[in-house]
Number of protein chains: 2
Amino acid sequence: MSDELSSDQNHSAKGPPPRSDEAKVAPKAVVNRLSLYLRELQRIEQSGKETVSSSQLGKLLGFTDAQVRKDLAYFGQFGHPGVGYRCAELVAAIRRILGTDREWVVAIVGVGNLGRALLGYKGFRPQGFRVAAAFDSDPSKVGMSFGGVAVEPTTALETTVRERGVTLGLIATAAEAAQETADRLVSAGVVGILNFAPMTLSLPPGVSLVGVDLATELEQLSFSVANSQAAVATEQSDPGPGVAR
Amino acid sequence: MSDELSSDQNHSAKGPPPRSDEAKVAPKAVVNRLSLYLRELQRIEQSGKETVSSSQLGKLLGFTDAQVRKDLAYFGQFGHPGVGYRCAELVAAIRRILGTDREWVVAIVGVGNLGRALLGYKGFRPQGFRVAAAFDSDPSKVGMSFGGVAVEPTTALETTVRERGVTLGLIATAAEAAQETADRLVSAGVVGILNFAPMTLSLPPGVSLVGVDLATELEQLSFSVANSQAAVATEQSDPGPGVAR
DNA sequence: CCTTGTGAACGACTTCACAGCC
DNA sequence: GGCTGTGAAGTCGTTCACAAGG
């Protein structure tokens with residue numbers, strides 16, 4: 001399957017300007033940068049500044065001012081000419097766009113080194129993600145608690161996920177168990193999966209997937225170094241230019 | 001993106017087609033997929049298959065056959081018409097391209113939950129990355145050992161990095177310490193950094209950076225779910241631009 | 001002045017479609 | 001028959017540059 005869906009139609013013949021209101025789905029690269037903007041804005045807000053201009057924000061992240069404005073403009077008009085963007089306002093707007101203005105209940109499957117790190121990670125809560133359950137098939141881990149979450153046997157996955165209203169699943173199992181874990185999470189009602197297992201998953205339409213493979217990330221770095229593509233990429237996705245000089 | 005290195009400047013006015021030979025640097029998106037192809041190929045090889053066609057490989061990952069062929073063609077001719085690609089051959093070629101046909105020596109700074117997970121991660125070694133050092137500023141952690149690597153005080157960073165020939169640094173510190181850590185790694189000779197701290201880093205030109213922010217990844221998932229952009233992409237991160245200078 | 005929002009130009013990436021080879 | 005490599009066409013994303021607002 002291809003990644004995008006065919007969601008929106010496009011078919012303007014030629015003559016009249018296609019006036020499609022609304023519905024212009026945002027490029028993935030844009031959404032990626034949105035997270036970066038949010039992170040930076042929260043830091044700026046913390047420092048007491050009330051507003052930022054697109055060029056200031058851009059400079060902090062290595063983007064052009066035009067890029068910043070264009071990105072934000074995909075979702076509405078948040079700026080104030082002559083002033084810039086008010087941090088608090090923009091932070092709220094971006095969180096709304098990303099869907100993190102509400103709380104997402106997440107479950108972690110696989111309590112190995114990585115699963116434990118995720119259970120103990122302090123950065124999720126403030127961004128709207130609450131880890132409410134953890135599962136592992138190893139009986140010796142069941143009953144232990146990490147980051148305030150008790151480990152349950154994998155057999156309890158479906159019932160616990162349903163009972164606690166878990167909507168996102170985080171897979172930190174071995175590659176071999178990843179697909180089955182995904183299937184079970186989906187059947188229990190999870191609508192999005194963040195996969196850390198070095199394995200390609202296939203999911204039914206309607207379920208979102210984001211994958212993070214640690215070895216793969218290092219490979220990207222290796223290539224980058226081997227080709228001296230300096231550049232600075234701070235996060236994921238997006239091709240961006242910018243080398244600096 | 002400026003994938004170009006600074007080597008050549010561009011400035012063709014208009015007239016004659018710019019004839020840049022050679023030097024067509026691969027799109028970053030392509031390099032990203034290369035890692036995915038590699039992972040899949042290794043699995044296929046393991047299963048005993050000798051060859052794969054672009055359409056088979058594409059189907060496994062959710063890409064079109066043309067995409068797979070085009071991606072590989074950026075780097076040379078690896079296929080055999082009528083046959084497909086020989087797995088072993090292609091695996092070797094991709095590793096060479098990514099630069100993982102040799103061993104990279106890496107160091108991890110910050111031995112918190114995440115740092116320990118990275119130290120214990122079994123997936124690095126087989127892909128060409130050897131973790132040779134770990135540092136933490138907390139004296140109570142110094143001397144402990146994880147994944148066979150002893151934790152050293154951060155004060156030893158420069159000397160140890162140099163002595164062991166570390167070339168890549170992995171930052172798993174708190175956001176506040178990330179920039180200073182990066183600066184020290186760079187000054188000790190590291191040429192690439194994989195940053196897990198939720199913080200934008202700025203590095204001198206010539207040093208590569210890849211960033212992974214766990215909260216950010218979840219935000220992408222959140223957006224995806226909120227917009228039902230199903231998608232099955234097993235990708236992981238990717239680049240971002242960055243500041244430099 | 002400053003800064004945003006945006007059409008239009010530009011360039012980057014992807015898909016198509018087919019010639020050539022097994 | 002099956003399959004790759006690749007120009008050509010098309011789509012998508014970024015940069016430019018400027019009108020309009022505080």
Side-chain angles (χ1 to χ4, degrees), chain A residues 2-4 6-12 14 17-19 24-34 50-59 61-86 89-90 93 237-243, chain B residues 1-4 10-14 17-18 20 24-34 37 50-59 61-86 89-90 93 233 235 238-241:
Chain A
S2 35
D3 22 16
E4 301 305 6
S6 47
S7 56
D8 91 281
Q9 36 58 288
N10 35 350
H11 233 48
S12 48
K14 187 49 168 323
R19 79 288 246 341
K24 33 146 69 154
V25 203
K28 201 153 151 215
V30 172
V31 181
N32 245 300
R33 287 190 296 265
L34 234 41
E50 298 261 309
T51 64
V52 242
S53 68
S54 55
S55 68
Q56 293 173 323
L57 189 50
K59 211 154 289 172
L61 290 159
F63 305 131
T64 65
D65 54 337
Q67 173 99 82
V68 173
R69 293 198 298 277
K70 197 55 113 164
D71 283 350
L72 297 173
Y74 270 101
F75 305 96
Q77 312 203 157
F78 308 111
H80 304 275
V83 178
Y85 298 86
R86 294 200 228 285
E89 199 175 295
L90 192 50
S237 159
D238 135 320
V243 139
Chain B
M1 65 210 27
S2 40
D3 18 17
E4 339 286 6
N10 33 0
H11 232 54
S12 52
K14 190 31 169 337
S20 54
K24 31 149 65 155
V25 202
K28 213 147 177 215
V30 173
V31 182
N32 245 295
R33 286 190 296 267
L34 234 41
Y37 296 149
E50 298 260 307
T51 65
V52 242
S53 68
S54 56
S55 68
Q56 293 172 322
L57 188 51
K59 211 155 291 175
L61 289 158
F63 305 132
T64 65
D65 54 336
Q67 172 100 82
V68 174
R69 292 197 300 276
K70 198 53 118 173
D71 283 349
L72 297 173
Y74 271 102
F75 305 96
Q77 311 202 157
F78 308 111
H80 303 276
V83 178
Y85 298 86
R86 295 201 227 284
E89 199 175 296
L90 191 50
E235 316 263 9
D238 101 51

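Computed from a prediction, not measured in an experiment: that's the story for all the values here.
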Please report the distance, rounded to the nearest Å, between [atom1] in [X] and [atom2] in [N].
X	N	atom1	atom2	answer
Lys28(B)	dG13(D)	NZ	C1'	15 Å
Asn32(B)	dT14(C)	CG	C1'	16 Å
Phe78(A)	dT4(C)	CZ	P	14 Å
Phe75(A)	dT4(C)	CZ	P	18 Å
Leu72(B)	dT6(D)	CG	P	12 Å
Lys59(B)	dG2(D)	NZ	P	12 Å
Gln56(B)	dG2(D)	CD	P	12 Å
Tyr74(B)	dC13(C)	OH	P	6 Å

Side chains of Leu72(A) and Tyr85(A), heavy atoms from C-beta outward: is any pair under 4.5 Å?
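They are in side-chain contact.
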List in chain and number order the residues that pass side-chain hydrogen bond (donor to acceptor under 3.5 Å, both in side chains) with [X], two or more places apart in sequence or in another chain; answer none if no residue qualifies.
X	result
Tyr37(B)	Asp71(B)
Arg69(A)	Ser54(A), Asp65(A)
Gln77(B)	none
Ser55(A)	Ser53(A)

I'd like to check the salt bridge (charged side-chain N to carboxylate O under 4.0 Å, His left out) partners of Glu50(B); sequence neighbours left out, ordered by chain and number.
none
Pairwise N/O distances under 3.5 Å, protein to nucleotides 16-18 of chain C:
{"unit_1": "dA17(C)", "atom_1": "N6", "unit_2": "Arg69(B)", "atom_2": "NH2", "d": "3.4"}

Just N and O in the side chain of [X]: are any of them under 4.0 Å from OP1 or OP2 of [N]?
X	N	answer
Arg86(A)	dT4(C)	no
Tyr85(A)	dG5(C)	yes
Gln77(A)	dT6(C)	yes
Gln67(B)	dC13(C)	no

If you fit an axis to the five pairs at each end of the helix from dC1(C)-dG22(D) to dC22(C)-dG1(D), how big is the angle between those two axes, to 10 degrees?
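Rounded value for the end-axis angle: 10°.
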Which atom pair, heavy atoms only, marks the closest approach of [X] to [Y]?
X	Y	result
Glu89(B)	Phe78(B)	OE2-O, 3.5 Å
Leu57(A)	Val52(A)	N-CG1, 4.5 Å
Val31(A)	Ala26(A)	CG2-CB, 4.2 Å

List every contact pair, protein side and nucleotides 20-22 of chain C side both N or O, where the distance is under 3.5 Å.
{"unit_1": "dC22(C)", "atom_1": "O4'", "unit_2": "Pro81(B)", "atom_2": "O", "d": "3.0"}

Can you tell me how far apart OG1 (Thr64(A)) and NZ (Lys70(A)) are? Round to the nearest 0.5 Å.
11.0 Å
Measure the CG-CG distance between Leu34(A) and Leu90(A) for me, rounded to the nearest 0.5 Å.
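Output value for this atom pair is 8.0 Å.
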Just compare dT14(D), dT4(C), dT14(C) and give me whichever is closest to any side-chain atom of Val30(A).
dT14(D)
Could you tell me whether Ser54(A) contacts a base, only the sugar-phosphate backbone, or nothing, with contacts defined as non-hydrogen atoms closer than 4.0 Å?
sugar-phosphate
Only pairs at least two apart or in different chains count here, so list each salt bridge (Lys or Arg N to Asp or Glu O under 4.0 Å) that has a residue in residues 73-84 of chain A.
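Applying salt bridge (Lys or Arg N to Asp or Glu O under 4.0 Å) to every pair that reaches into residues 73-84 of chain A, excluding sequence neighbours, yields nothing.
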